[in-house]
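Worksheet: one structure, shown below.
Labels below follow one simple rule: chain letters A, B, ... track the order of the sequence lines, proteins then strands, and each chain is numbered from 1.
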Protein chains: 2
Amino acid sequence: MAGEPMDEYEYIADCQTRLGLDVLSGTWTGVVLWSLQHGPLRPGELRERIGGISHKVLTETLRRLERDGLVVRRRYAEAPPRVEYELTPPGRGMLEPLAALGRWTERYADEVLDTRDRAPGER
Amino acid sequence: MAGEPMDEYEYIADCQTRLGLDVLSGTWTGVVLWSLQHGPLRPGELRERIGGISHKVLTETLRRLERDGLVVRRRYAEAPPRVEYELTPPGRGMLEPLAALGRWTERYADEVLDTRDRAPGER
DNA sequence: CAGTATCCTCCGAGATACTG
DNA sequence: CAGTATCTCGGAGGATACTG
């Protein structure tokens, strides 16, 4: 873990990282996974917790995650019918990379935002 | 560290993850950072190692990374002039999340690709 | 070789309205 | 409430040609 961190990264081929990045692509994908970490949620609940995501985009994001097998859709034949989304093992496995991203942000957010604001032309 | 992984994630606010995802956004951003892990490279070398990235997009990606302070541009007044890009501390800090993503892929790639291929409508 | 400037295409994301 | 169908818009990414 400590010592020579660089060596630890070495064995991972470039293409290995790419699939992960690809699966995470999309503005809301990571946030949706993150929001599901504590258990299944209904789409409405997801929208509340996330905030700012449109109905359509949430559906699209969930479809992609479902297609890639990171999430399962559960439909309960009640009255009224209920729908829930839940993380699969691959989906739960993505929580660690996301947590690493969170730790990175916690540590460097100020610095990054500062650098970004000073950038010529702004954003 | 072990035991209750879920609790470990808990303290990270949603917005914390988002900046990291935002910085990593862009098809090639992660790959570029990853390619710089062993030291500074010239743009030409970067293109060789990465493969498939266009001249323009590489430049744009590097500009964004520079703006966010993950990379520095070094220009050497030689003849002919030489340019190199190098990771900054925040940039090097991003290697761990990327490595986590690589480990995820190593573990779940087959499963994901399989699920994806079986998906109706393909992609 | 590094960088910029156009031009073009395509997809992601938002808004809105409609169907089960 | 969940999901789909349109429409629009902007930005990302590719190709190409031109400038230091």
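Partners of B/Glu60 by salt bridge (Lys or Arg N to Asp or Glu O under 4.0 Å), not counting sequence neighbours, listed by chain and number: B/Lys56. Remark: B/Thr61 engages no residue in a side chain to side chain donor-acceptor pair (under 3.5 Å) (not counting sequence neighbours). Contacts of A/Arg73 classified as salt bridge (Lys or Arg N to Asp or Glu O under 4.0 Å), with partners at least two apart in sequence or in another chain: none. Not a single side chain to side chain contact (heavy atoms under 4.5 Å, CB included) links B/Glu48 to another residue, sequence neighbours left out.
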Taking only nitrogen or oxygen atoms into account, show me every contact under 3.5 Å that the protein makes with nucleotides 14-17 of chain C, one pair per line with its distance.
from   : atom 1 : to      : atom 2 : distance (Å)
C/dG14 : OP2    : A/Trp28 : NE1    : 3.3
C/dG14 : N7     : A/Lys56 : NZ     : 3.2
C/dG14 : O6     : A/Lys56 : NZ     : 2.5

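Every pair passing side-chain hydrogen bond (donor to acceptor under 3.5 Å, both in side chains) that includes a residue from residues 74-83 of chain A is listed here, sequence neighbours excluded: A/Arg74-A/Glu86, A/Glu78-A/Arg82, A/Arg82-A/Glu84. Pairs of residues two or more places apart, or lying in two chains, that qualify as ring pair (Phe, Tyr, Trp, His ring centres under 6.0 Å) and include a residue from residues 94-120 of chain A are A/Trp104-A/Tyr108. Annotation: ring pair (Phe, Tyr, Trp, His ring centres under 6.0 Å) contacts involving residues 40-75 of chain A, sequence neighbours excluded, are absent.
Phosphate proximity of D/dG3 to A/Tyr85: present, with a side-chain N or O under 4.0 Å from OP1 or OP2. Using a 4.0 Å cut-off, some side-chain N or O of A/Arg63 falls inside it from OP1 or OP2 of D/dT4. Residue B/Arg64 places no side-chain N or O under 4.0 Å from the OP1 or OP2 atom of D/dA12. Close to D/dG3, at under 4.0 Å from its OP1 or OP2, lies a side-chain N or O of A/Arg73.
Taking atom CG of residue A/Leu62 and atom C1' of nucleotide C/dA13, one finds them 15 Å apart after rounding to whole Å. One can place CD of B/Glu66 at 13 Å from C1' of C/dA2, the figure rounded to the nearest angstrom. Taking atom CZ of residue A/Arg47 and atom C1' of nucleotide D/dG3, one finds them 12 Å apart after rounding to whole Å. The nearest whole Å value for the distance from the CG atom in B/Leu21 to the C1' atom in C/dG12 is 16 Å. Here D/dC1 presents its P atom at 11 Å from CD of A/Glu45, a figure rounded to the nearest Å. With rounding to whole Å, A/Asp22 atom CG is found 12 Å from D/dG13 atom P. Here the C1' atom of nucleotide C/dC1 and the CD atom of B/Glu78 are 13 Å apart, to the nearest Å. B/Leu46 places its CG atom 13 Å from the C1' atom of C/dC1, with the value rounded to the nearest Å.
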| field | DNA chain C base-pair string [pairs: Watson-Crick or G-U under 3.5 Å; |: paired with another strand] | value | ||||||||||||||||||||
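Salt-bridge annotation for A/Glu66 and A/Arg63: present, with a side-chain N of the basic residue lying under 4.0 Å from a carboxylate O of the acidic one.
Judged by distance alone, with hydrogens and angles left aside, the side-chain atoms of A/Arg64 form a donor-acceptor pair with the main-chain N or O of A/Ser25 at under 3.5 Å.
Counting non-hydrogen atoms under 4.0 angstrom, A/Arg82 reaches nothing in the nucleic acid.
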